[in-house]
Amino acid sequence: RQRAGQAGAGMEGGGQRPAPAAPQGEHLQLLLRRSREAKNCAYCPYSRFPVGAALLTAGGEIFSGCNVENACYSLGVCAERTAIQKAISEGHTSFRAMAIASDMGDHFITPCGACRQVMREFGTDWDIYLTKADGTYIVKRLEELLPLSFGPEDLKK
């Protein structure tokens, strides 16, 4: 399933379980804008590939993050994980949506595998807004980005 939109268009949620309410209208615009603003703070002198993310909690708060690189490459951290870690450090563990922004011209930005697994730690029933530099976006459920995933509930089996 793929839903496409232009920044400003409201998108409906979906999924197998009752999903957290997806942001719409002005709330969606704010989430998208905060991801673009976070991208502008990226520290990426090596890749020159800035990424920003904005995470919407179940309580309606937004936490943003950017990628932060390091001369020891493996110590860098992605924008998506930065946003999640900021939210967790403030006591939030339930998420409704995340918007991700980059400067990729004709392609939608997608999270790396490590970020998808970190996102998965907090459920599969939330929306990920994948954007292009021109503001257009598609919406994917996390379960679509990481099918047949392993999560906390699997440790109890």
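Screening D103, T82, N67 for a side-chain contact (heavy atoms from CB on, under 4.5 Å) involving V51 leaves a single residue, N67. Screening I62, L142, I84 for a side-chain contact (heavy atoms from CB on, under 4.5 Å) with M98, the sole residue that qualifies is I84.
Of the charged side-chain nitrogens involved, none lies within less than 4.0 Å of a carboxylate oxygen, so that D106 and K132 do not count as a salt-bridged pair. Of the charged side-chain nitrogens involved, at least one lies within less than 4.0 Å of a carboxylate oxygen, so that E37 and R33 count as a salt-bridged pair. Taking a cutoff of 4.0 Å between a charged side-chain nitrogen and a carboxylate oxygen, R34 and E61 do not qualify as a salt bridge. A salt bridge is absent between K140 and D127; no separation between the charged side-chain nitrogens and carboxylate oxygens falls under 4.0 Å.
Rounded to the nearest 0.5 angstrom, T93 OG1 and F95 CZ are separated by 6.5 Å. Residue T57 holds its OG1 atom at 11.0 Å from CD of E90, rounded to the nearest 0.5 Å. Here the straight-line distance linking atom CG of N40 with atom SG of C66 works out to 9.5 Å at 0.5 Å rounding. With rounding to the nearest 0.5 angstrom, the OH atom of Y137 is 10.5 Å from the CG atom of L31.
A chain of hydrophobic side-chain contacts below 4.5 Å, direct or via other Ile, Leu, Val, Met, Phe, Trp or Tyr residues, connects I88 to I100. No single ILVMFWY cluster, assembled from side-chain heavy atoms under 4.5 Å apart, contains both M119 and L146.
Counted within 6.0 Å of CD on E153, heavy atoms from surrounding residues, nucleotides or ligands total more than 12; the atom is thus considered enclosed.
For the 3.5 Å distance criterion, the side chains of S149 and E143 fail to qualify, holding no donor opposite an acceptor.
Sorted by first then second residue, the ring pair (Phe, Tyr, Trp, His ring centres under 6.0 Å) pairs that include residues 37-77, not counting sequence neighbours, are Y46-Y73, F63-H92.
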